[in-house]
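Data block below; observations after.
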Amino acid sequence: MIWNKHSKKSHLSQNVNTHVTGNYHLDLTAIKQKLGENSDVQYREFKLKKSDISAVLIFLDGLSDKELIDTDLLRQLMMPFNLGDLEILEKVGTKDFIKNYVLSISDIQESNDIKFITTKILNGSAALFIDGSQDVLILGLKKEKTRNLMEPLSESLVRGPRIGFTESLSDNTAILRNSGENEDLTLLKISVGKRSKKDLVIAYINEIVNPKLLEEIKRRVKSIDLDYLAESGYVEQLIEDNFLSPFPQIQSTERPDRVISALMEGRVAILLDGSPFVLIAPVTFGMLLQSPEDYYERWIPGSLIRMLRFITAFISLFAPALYISFVSFHPGLIPTKLAISMAGFRQGVPFPAFIEAIIMEVAIEILREAGLRLPKPIGQAVGIVGGLIIGEAAVQAGIVSPIMVIVVALTAISSFAIPQYSSAIALRYLRFIAMLGAAMLGLYGVVLFFLLLCSHLVRLKSFGVPYTSPAVPFRLRDLQDFIIRMPMFMMNRRPMILDTKDSKRKE
């Protein structure tokens with residue numbers, strides 16, 4: 001008997017805490033228990049249409065649009081009934097009357113789940129509890145705090161659109177919609193985050209994207225189980241294929257034109273509320289060296305600039321290592337006059353070439369980080385002054401040779417020519433491993449490192465797509481947009497490796 005009493009009490013408590021009962025005071029107590037003693041939670045109790053029907057509007061101060069609530073919503077709810085209103089109320093009931101005849105708000109949901117209602121309130125919506133109704137009206141009154149649309153700072157172009165994504169998810173989806181009337185553009189919203197919920201949107205072109213690729217991305221996104229996702233970089237790290245690889249397996253961008261182009265190729269974009277960086281998957285190594293400007297210029301200059309980026313990527317990765325190997329192990333491979341000149345410059349330097357390179361590379365990395373973290377006007381000045389002082393002072397002090405300063409400067413400038421910051425980081429840190437290989441085995445060490453790197457890249461995949469495609473596996477048709485960008489009239493097919501529903505860009 002005692003067990004039955006406890007069981008009944010527990011069951012009642014569970015109902016009160018999890019679902020709306022229609023009992024005004026009981027439901028208000030339950031929602032207050034759920035939301036806790038928070039100063040920003042506002043409870044506005046009133047009599048509906050100046051009648052005997054009690055109601056309470058619950059919202060967050062600062063996150064909900066209080067001006068709209070004060071000047072419009074409450075006025076509509078508190079205006080007295082007229083004779084026609086009472087007749088309709090008797091026919092349809094209080095909740096449906098308020099929803100269909102009183103509120104002029106486009107975003108209205110109904111729910112009796114206390115947890116869901118609490119989540120919506122904390123997200124900026126307002127919840128209207130009506131005495132006698134077991135459903136609560138959730139009103140979309142979130143006040144969006146956005147900034148102006150600006151040119152992306154991380155991906156500037158000479159020729160191209162001057163618009164970038166913002167931290168507002170609704171603004172970002174509107175930008176994608178505004179790119180052109182496209183009924184096949186699909187935006188699928190998913191809630192992510194275990195304790196702090198956020199909206200995430202998966203964007204794709206329904207008539208183009210490979211269904212298997214789409215399902216795999218949905219599966220990985222839905223499997224995210226983390227308390228809070230502060231930025232899309234969290235999502236990138238949680239759904240990538242190989243967390244040990246130094247190379248990014250998902251592309252991040254602030255440019256809407258890059259995202260739209262990727263969607264038209266059959267790729268999938270992931271947008272997270274609060275982040276201006278949109279993720280594109282799958283990705284290949286060649287994509288990380290491409291810029292939207294390649295397509296805005298004619299094909300010959302576009303191709304030459306793209307080839308230059310491949311060369312700068314090679315210089316960024318191997319220049320110090322090749323210098324160390326030639327100077328330390330294979331001076332006979334250097335032309336005689338140049339070798340004599342280099343020996344003259346290195347006279348008096350107490351360190352081997354490897355230590356020289358390490359000193360200068362670490363100094364450059366410190367300067368780069370300091371320049372990024374400081375305020376912009378100070379950061380630029382610190383970078384320029386620091387570089388000049390360290391380079392000149394180090395040479396005059398006999399710590400490094402002038403040739404090494406030239407090699408490190410060329411390497412740093414080459415790394416800046418890589419369009420994607422995340423791929424440039426990967427090459428920067430792999431450079432130190434190449435230098436170590438050169439210091440241990442000379443040119444053989446550099447070649448061994450290159451072979452290991454190629455082996456890793458060939459095995460690496462991004463959502464099932466080989467990272468080195470279309471070179472490995474070889475796809476002749478996809479070479480039209482790899483190192484050389486062919487003329488527009490010849491780029492009439494989508495990448496074969498994506499296996500899209502519709503492979504033709506044009507007939």
Side-chain angles (χ1 to χ4, degrees), residues 154 246-248 285 288-289 291 305-331 333-335 338-339 341-342 345-346 349 351-372 379-380 382-395 397 399-450 452-454 457:
S154 62
F247 293 97
F285 181 74
L288 302 177
L289 297 178
S291 167
I305 293 171
R306 185 179 292 182
M307 290 169 65
L308 181 65
R309 288 196 209 102
F310 276 86
I311 295 171
T312 57
F314 183 84
I315 293 173
S316 171
L317 184 56
F318 288 111
L322 290 174
Y323 175 79
I324 293 167
S325 61
F326 281 130
V327 169
S328 304
F329 290 86
H330 317 287
L333 296 176
I334 306 173
L338 180 60
S341 176
M342 291 170 64
F345 282 126
R346 295 201 73 250
V349 177
F351 304 114
F354 174 65
I355 301 298
E356 271 189 89
I358 289 291
I359 292 172
M360 290 305 296
E361 286 291 345
V362 171
I364 289 290
E365 293 298 329
I366 292 172
L367 275 176
R368 192 194 320 249
E369 282 301 308
L372 285 174
Q380 290 177 347
V382 167
I384 295 170
V385 175
L388 290 173
I389 290 175
I390 287 180
E392 187 174 350
V395 171
I399 298 174
V400 298
S401 65
I403 298 291
M404 177 56 76
V405 174
I406 295 172
V407 171
V408 171
L410 178 64
T411 306
I413 293 171
S414 298
S415 67
F416 294 145
I418 298 171
Q420 287 286 309
Y421 181 71
S422 54
S423 54
I425 291 177
L427 295 181
R428 276 163 53 190
Y429 293 107
L430 285 172
R431 183 190 310 149
F432 287 91
I433 302 176
M435 289 162 55
L436 184 63
M440 294 175 66
L441 299 172
L443 203 54
Y444 299 106
V446 178
V447 173
L448 180 62
F449 169 73
F450 179 70
L452 291 173
L453 187 62
C454 288
L457 286 172

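Residue numbers start at 1 and run along the sequence shown.
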Taking all non-hydrogen atoms of both residues into account, name the closest pair between S328 and A353 and its distance. OG-CB, 3.8 Å

Intermediate values then yes/no, side-chain contact (heavy atoms from CB on, under 4.5 Å), L453 and L317: CA-CA 11 Å; L453 187 62; L317 184 56; 3.6 Å; yes

If you look at every heavy atom in P320 and E361, which pair is closest and at what distance? CG-OE2, 3.5 Å

Between L322 and L443, is any pair of side-chain heavy atoms under 4.5 Å apart? yes

Between E356 and I359, is any pair of side-chain heavy atoms under 4.5 Å apart? no

So for atom OH, which belongs to Y444, do other residues, nucleotides or ligands contribute more than 12 heavy atoms lying within a distance under 6.0 Å? no

For residues V327 and M342, report the shortest heavy-atom separation together with the two atoms involved. CG2-CE, 3.5 Å

Heavy-atom closest pair, residues F351 and I399: CD1-O, 3.6 Å

The reported gap from CZ in F345 to CE in M404 (rounded to nearest 0.5 angstrom) is 14.0 Å

Should the pair H330 and F326 be assigned to parallel (<30°), tilted (30 to 60°) or perpendicular (>60°) ring geometry? perpendicular

Testing the basics here: between V349 and V400, what is the closest heavy-atom pair and its distance to 0.1 Å? CG2-C, 4.0 Å

Rounded distance [0.5 Å steps], CD1 in I311 versus CD1 in I315: 7.0 Å

Mind running side-chain contact (heavy atoms from CB on, under 4.5 Å) on L427 and F247 for me, showing each step along the way? CA-CA 8 Å; L427 295 181; F247 293 97; 4.2 Å; yes

Between E369 and E365, is any pair of side-chain heavy atoms under 4.5 Å apart? no

Has F432 got more than 12 heavy atoms of other residues, nucleotides or ligands less than 6.0 Å from its CZ? yes

Going by salt bridge (Lys or Arg N to Asp or Glu O under 4.0 Å), name the residues that satisfy it together with R306, two or more places apart in sequence or in a different chain. D294, D481

Say whether, by atom type as modelled, one donor and one acceptor occur between the side chain of T312 and the main chain of R309 under 3.5 angstrom. yes

What's the separation between atom OG in S341 and atom CD1 in I403, rounded to the nearest 0.5 Å? 5.5 Å

When rounded to the nearest 0.5 Å, the distance separating OG of S423 from CZ of R428 is 11.0 Å

Where is the tightest heavy-atom contact between F449 and L430, given as atom of each residue plus distance? CZ-O, 3.6 Å

Please identify each residue that fulfils side-chain contact (heavy atoms from CB on, under 4.5 Å) with F329, with sequence neighbours left out. none

Enumerate donor-acceptor pairs with a distance under 3.5 Å from any side-chain N or O in residues 405-421 to protein atoms, sequence neighbours excluded.
from, atom 1, to, atom 2, distance (Å)
T411, OG1, V407, O, 2.7
S414, OG, L410, O, 2.8
S415, OG, A412, O, 2.6

Rounded distance (nearest 0.5 Å) linking atom CG of L372 with atom CG of L367: 11.0 Å

Nearest-0.5 Å distance, CE of residue M435 to CD1 of residue I355: 9.0 Å

Any donor-acceptor pair under 3.5 Å linking the side chain of R346 with the backbone of S401? no

